[in-house]
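The structure appears right after this line, and notes come after that.
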Amino acid sequence: MSTEGKFEISREPINAPRNARSRWRRFDAMRWFASCYAKPLWWRLGVGVAAALLGAVLRLAFVGLLENHLVYVTFYPAVEVAALLGGIASGGVTTVICALLAHRWVTPIANLGDWLGLANFLTTATVISCITEALHRTWIRLSNAKGRADDEDQLRIINERLRLAISVAAVGTWDVDVPANITEASPEFREIFGYAPDRLVNPEVVFSTVMPDDLPTMQAALRVAFAPTGDGRYSAEYRIRRANDGETRWISSRAQAFFKNGRPVRLVGICRDITNEKSARQLLIDKARLAEQLTSVAASLPGVICSFRQSAAGKQSMPYAFTNFSSVLGLAPEDVRTDAGPIFQRVHPDDVSHVHAGIAESARTMTPWRDEFRYEHPQKGMIWLEGQSSPNLEPGGDIVWHGYVQDVTKRKRGELELRASEARSRALFDSGLLGVMCWNVNGGVTDANDKFLEMLGYCREDLRRGQLNWVYMTPPEYRCLVEAAFAELKATGATKRPLEKEYFRKDGTRLPVLVAGVTVDEARLNGIAYVLDISERKDAEARMQKTHSDRMNVMKSMAAGLAHEINQPLAATVVYLKTLRQLLDMEPERRPTSVAESLNKVATQITRAGQIVTRLRAFIAHGEPDKIVLKLHELIQDAYDATSVKAKELQIRMTLQLNSEEDEVLADKVQIEQVLVNLIRNAKEAIDASERREIVISTSSSGIDIRVDIADTGIGLSEKMKPSLFEPFVTTKANGMGVGLSISRAIIEAHHGRIWAESNPEGGAIFGFTLPLASHRSELKDE
Ligand code: ADP
């Protein structure tokens, strides 16, 4: 290694540690004198002056004793001490000063003997100083030679150690001769870079092995090392593509540049493959980052991550819990660190046994534990907790579960509510009162209850085959209505008002329905709808409508009939009055009939017209039905009472058989009376010419309706009359108007009943009608 240039290896650090103690002991005095000799010149001159003064003081002290004999007795030792300490410089100064002092203060030079003494002193002192100086220099030279030998020894040992260390640590060494562009690379270096032993290595070869991305960094580090103003140190980490197998490796390289005349001449360095360290370091960094992320994730979790330990002896504790343990369970982690008892004390008494059983089962089978239980939270009250964890068996027999506990109260309440609402829906679904169908946006009916299928005439197999499609089942005129409802459904998730529409039944007929409670899921794809069959109500409405229009028609016809009916007696009246007028012009004795008789005839016709008007008025006077709950038997009784007297006169036997257990109906009293009176009167009129003269009025009940039969033994019903009996103006009577039965039918149907006529097996006719019992048609009370 060059010792030229900026950087040289100092001898001191190599020498210093070796045999330091023994050498110091051996050369202690010599080293002290040597160190004094090595002091600056002014120090050594000072030592000379001090020694001379000390010698003079001692000589003066002995002046009384010695007088002018032995003038230089104390000066010789002074010179010797000075020379030992400071060599010739100190000795010379002491000699001169001592000579001056001796003859200035001790004894002045008086004779030749004094001059000879002085010359002797000067000569002797000079010799002493010179010898001492020579001794100093010799010792130094010897000492240096010994040091160099030791250094070489040391250097060899150090080199050997270094070589070993380099080989063991797999450190590659390299030495670049900068001007010659030659690199000496150690075998380890070649191995690290994947260079064959015989391959020529120079900086360009190394550069070509370095990954292009890292080359600029490495070259920048080199420029720093070669900068004339810097400290020549080179340090870089870079990736290489290893020459022999192309594997990417991380290299750490350090070097020292050496300069000559301000120019870099050598770069000596080491390098190491730090790929494994890098990946280990990266792994550690990744782990630390992961741990950090986990910590922040855990802190933001709604639940708590914790460990639960069950010792081999069965003692349970919670050795680790994340910081949010207190907010989730309302206990400090320290409270349960050694004993998990405080947790179990807060578990709901009904749940504690299954929690323990679950843990025991998990410990026995070493399968994950999962449970839900109620927990008395100190601040929140009763909450629902859900826990899940996996057991690990430890060497000592303890089992540790690492898991997660979270507050699921909200979800649980939602579930319970959902379950209750599902139960309600299921009840509706199964009740058979309402049709329920599950639908999707494509029109499919994915599920339906029996009632729904029955309403529309489908079977379960049709449903299974996907034959039900609520879009196709909706008649075209309702599509707009359905689309509007669907838009509302999409916006709000449910429809507010029930939708009155129709569905096509399987056979193509229409079913009026009320679709209510339509809901759709969050994705707005599937929903549920409740369907009420309103065909009965619709029929009733239609009947009402028909009744109303029938009544209107009847009234129109009546008006025409009235005009016609009244016209006849009025026309007759006119004829009779004209006749009367002629009679009055005649002589009384010439009159063919009497005036009184003609007046009677006029009166009869006018009375008849009056009767027609009265009867018509009785039918039309009453408008809309005024329904109340009334006892039909009482009504029949009244009608019986009103007509029985006249019947007796006509020798008709009227019998009541009021057999129905229930007789309360919701009805208009006057209208039902009209019907009863009309039917009884018709029966009496039919019986007029019969021999057997009986009328039986009977009632019976089906539990839903009350039935009234008015059976007579009259002339009976001709086949020709039967189909048109209830049509208006159908009559077989001379004075009949033929409106009684048609109005009766209108009244009965307005009361949701039915009226009919049939032949009496015993001869005659039976006119019957039904009315719904008030107890069964309670909904009609509101009408
Ligand atoms: P009117 O009594 O004015 O004829 P209705 O409408 O009450 O009008 O009766 C129509 C017709 O029905 C009667 O003319 C009669 O021919 C027939 N009819 C009604 N009641 C009976 C009955 N009990 N037996 C036989 N025929 C009847």
Side-chain angles (χ1 to χ4, degrees), residues 547 550-551 553-569 608-622 636 639-640 642-644 646-647 650-657 670-698 707-750 754-769:
T547 306
D550 280 356
R551 282 171 73 86
N553 287 338
V554 166
M555 278 156 67
K556 274 188 214 160
S557 309
M558 276 181 178
L562 181 66
H564 174 74
E565 287 289 319
I566 289 178
N567 227 13
Q568 285 180 3
R608 191 182 159 209
Q611 280 173 347
I612 291 167
V613 171
T614 308
R615 285 180 61 191
L616 279 170
R617 202 172 54 196
F619 283 120
I620 2 178
H622 207 75
I636 294 171
Y640 173 84
T643 53
S644 60
K646 183 83 178 159
L650 297 169
Q651 295 171 337
I652 297 171
R653 212 174 118 224
M654 274 181 75
T655 320
L656 283 185
Q657 294 175 0
V670 178
Q671 288 188 354
I672 300 299
E673 256 173 13
Q674 271 182 13
V675 174
L676 286 168
V677 168
N678 189 37
L679 295 180
I680 295 169
R681 197 192 65 215
N682 277 352
K684 279 197 303 195
E685 286 174 359
I687 238 164
D688 202 24
S690 297
E691 279 186 16
R692 199 175 156 198
R693 305 169 76 80
E694 277 182 40
I695 295 175
V696 180
I697 304 170
S698 61
R707 172 176 170 161
V708 182
D709 286 304
I710 297 155
D712 64 62
T713 52
I715 49 170
L717 302 167
S718 69
E719 287 304 313
K720 194 180 150 210
M721 279 291 285
K722 267 186 185 171
S724 55
L725 270 177
F726 293 93
E727 297 299 319
F729 306 112
V730 173
T731 182
T732 54
K733 298 170 192 167
N735 293 331
M737 284 184 62
V739 294
L741 285 181
S742 81
I743 287 184
S744 294
R745 184 175 73 169
I747 290 172
I748 293 298
E749 287 184 351
R754 207 162 55 80
I755 187 166
W756 67 93
E758 57 194 12
S759 296
N760 190 346
E762 296 173 23
I766 303 174
F767 278 79
F769 68 88

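Ligands are counted one by one from 1 in listed order, and the atoms in each one are counted from 1 as well. All values below come from the heavy atoms of this structure, side chains included, with hydrogens, waters and symmetry mates left out. Owing to the predicted nature of the structure, the values given are computational and were not obtained by experimental measurement. This chain uses plain numbering: 1 for the first residue, then up along the sequence.
Inter-residue side-chain proximity for E749 and I755 is flagged as unmet; no heavy-atom pair is nearer than 4.5 Å. Between P761 and I766 there is a side-chain heavy-atom pair separated by less than 4.5 Å. Taking 4.5 Å as the limit, some side-chain heavy atom of L650 sits within range of a side-chain heavy atom of R693. At a threshold of 4.5 Å between non-hydrogen side-chain atoms, the residues L679 and L741 count as touching.
When each atom of ligand 1 is checked for a heavy atom of A683 under 4.0 Å away, the hits are 23 (N). Interface atoms of ligand 1 facing G716, defined by a heavy-atom separation under 4.0 Å, are 25 (C), 26 (N).
Around CZ of R692, the count of heavy atoms belonging to other residues, nucleotides or ligands within 6.0 Å exceeds 12. The neighbour count for E762 CD, taken as heavy atoms of other residues, nucleotides or ligands under 6.0 Å away, does not exceed 12.
Ranked by closest heavy atom to atom 19 (C) of ligand 1, the top entry among L679, N682, L725 is N682. With atom 15 (C) of ligand 1 as the reference point, the heavy atom nearest to it among T732, D712, L717 is part of T732. One option in V730, I715, I710, L741 has a heavy atom closer to atom 10 (C) of ligand 1 than any other, and that option is V730.
Any N or O atom pair closer than 3.5 Å counts here, and S742 shares no such pair with ligand 1. Of the polar atoms of A686, none of the N or O atoms is found under 3.5 Å from an N or O of ligand 1, judged by distance alone. In terms of polar-atom proximity, E685 is not counted as a contact of ligand 1, lacking any N or O under 3.5 Å from an N or O of the ligand.
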message = As a quick check of understanding, evaluate side-chain contact (heavy atoms from CB on, under 4.5 Å) for L725 and V730, giving each step before the final call.
response = CA-CA 6 Å; L725 270 177; V730 173; 5.8 Å; no
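Ligand 1 lies less than 4.0 angstrom from a heavy atom belonging to F767.
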